[in-house]
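Computation of the quantities below employed the complete heavy-atom set of this structure, encompassing side-chain atoms and omitting hydrogens, waters and symmetry-equivalent molecules.
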Amino acid sequence: MKVRTFALGALCTILAAAGLMITAGSAVSQNAGAAQMTLNGGKTGDVPFPHGQHQTTLEKCDACHGMFPQEKGVIDKNKADGSLKSKAVMNQCTGCHKEMKKAGEKTGPTSCRGCHQKN
Ligand code: HEC
Ligand code: HEC
Ligand code: HEC
């Protein structure tokens with residue numbers, strides 16, 4: 001009887017651990033972040049950013065997240081502590097758009113007002 005109770009307990013532990021693993025796994029693969037964001041463009045004005053559209057078009061998260069982690073507010077935070085240079089992210093955005101435009105491919109805005117909204 002004691003043995004059976006132990007076996008049942010062990011089985012429950014294994015099932016619970018497996019359940020946790022499944023939950024954690026799906027949480028990771030599903031956290032794509034917000035589909036639409038507004039980035040802080042300082043005095044030049046807010047920058048609306050279709051995050052989800054870029055994920056679909058570019059596929060690789062590292063096109064941007066090679067520069068900063070997948071975290072809300074991390075750009076402002078890293079700019080404040082000096083680990084990310086002012087305009088570094090913007091140059092990543094415009095750099096890609098300009099390169100693709102030159103190649104004649106469909107891409108995003110390259111003019112200031114194409115990205116920055118007037119405050
Ligand atoms: C074209 C650039 C770009 C690409 C590509 C990109 N992201 Fe992001 N991502 C951003 C920006 C910008 C932020 C906002 C950071 C901030 O708030 O400071 C962000 C934030 C996030 C956040 C945190 C914000 C939230 O709403 O939870 C998650 C999670 C995230 N990205 C996941 C992903 C994943 C997963 C991929 C790939 C499938 C991806 N991103 C591809 C630019 C990008
Ligand atoms: C590696 C290349 C790449 C990077 C980096 C990138 N973009 Fe784009 N962007 C694109 C492409 C490609 C499109 C066109 C997407 C489409 O038509 O589906 C686009 C489209 C856009 C659009 C227009 C969306 C529309 O529906 O008209 C905006 C706005 C934009 N990008 C802003 C940004 C901002 C802000 C950043 C930086 C945080 C950024 N992009 C980074 C490739 C890039
Ligand atoms: C493809 C979109 C895009 C274009 C085009 C663009 N910007 Fe930006 N800009 C951003 C984003 C996103 C940020 C916020 C992220 C960062 O700090 O890099 C930003 C930030 C800035 C900042 C604040 C930098 C800081 O650290 O305080 C200034 C100033 C600025 N942009 C000016 C301009 C001017 C001037 C132009 C035209 C010559 C321009 N931007 C074109 C997307 C863009």
Side-chain angles (χ1 to χ4, degrees):
M1 198 59 194
K2 244 183 198 161
V3 173
R4 257 185 88 186
T5 310
F6 171 77
L8 201 64
L11 186 67
C12 284
T13 309
I14 290 163
L15 285 176
L20 271 177
M21 274 160 70
I22 290 162
T23 314
S26 60
V28 166
S29 61
Q30 276 168 15
N31 191 8
Q36 182 65 43
M37 299 177 174
T38 304
L39 304 177
N40 179 6
K43 282 185 206 148
T44 315
D46 284 346
V47 179
F49 172 56
H51 187 232
Q53 192 183 332
H54 282 80
Q55 289 175 334
T56 310
T57 310
L58 302 176
E59 288 168 9
K60 280 188 183 154
C61 308
D62 269 7
C64 296
H65 290 295
M67 189 174 257
F68 55 92
Q70 297 176 11
E71 225 173 86
K72 199 174 191 298
V74 77
I75 297 174
D76 281 345
K77 196 182 123 213
N78 288 4
K79 274 161 76 174
D81 72 19
S83 57
L84 197 59
K85 279 206 177 108
S86 169
K87 298 190 182 174
V89 174
M90 174 171 85
N91 292 338
Q92 185 88 348
C93 311
T94 48
C96 176
H97 290 175
K98 279 179 183 163
E99 219 168 88
M100 290 186 78
K101 194 182 174 187
K102 222 193 258 173
E105 291 173 89
K106 188 175 187 283
T107 191
T110 52
S111 70
C112 315
R113 286 293 159 219
C115 282
H116 290 271
Q117 283 182 344
K118 273 195 175 123
N119 282 327

Separation between NE2 of His97 and NZ of Lys102, rounded to the nearest 0.5 Å: 15.0 Å
Single-linkage hydrophobic cluster Met90~Leu84, side-chain heavy atoms < 4.5 angstrom: no
For Cys115 against Pro48, the heavy-atom pair lying closest together: O-CD, 3.3 Å
Listed partners of Thr44 passing side chain to side chain contact (heavy atoms under 4.5 Å, CB included), at least two apart: Arg113, His116
Gap separating the CG atom of Asp76 from the NZ atom of Lys79, nearest 0.5 angstrom: 6.0 Å
Validation row: Asn78, Pro69 side chains within 4.5 angstrom (heavy atoms): yes
Partner residues of Phe68 under the ring pair (Phe, Tyr, Trp, His ring centres under 6.0 Å) criterion, sequence neighbours left out: His65
From Leu39 atom CG to Asp46 atom CG, the distance as rounded to the nearest 0.5 Å: 8.5 Å
Side chain to side chain donor-acceptor pair (under 3.5 Å) partners for Asn91, two or more places apart: none
By ring pair (Phe, Tyr, Trp, His ring centres under 6.0 Å) - contacts of His54 (at least two apart): Phe49
His51 side chain to Ala34 backbone, donor-acceptor under 3.5 Å: yes
Residue list, salt bridge (Lys or Arg N to Asp or Glu O under 4.0 Å) with Glu99, at least two apart or on another chain: none
Nearest-0.5 Å distance, OG1 of residue Thr110 to NZ of residue Lys98: 7.0 Å
Test salt bridge (Lys or Arg N to Asp or Glu O under 4.0 Å) applied to Lys101 - qualifying residues, sequence neighbours left out: none
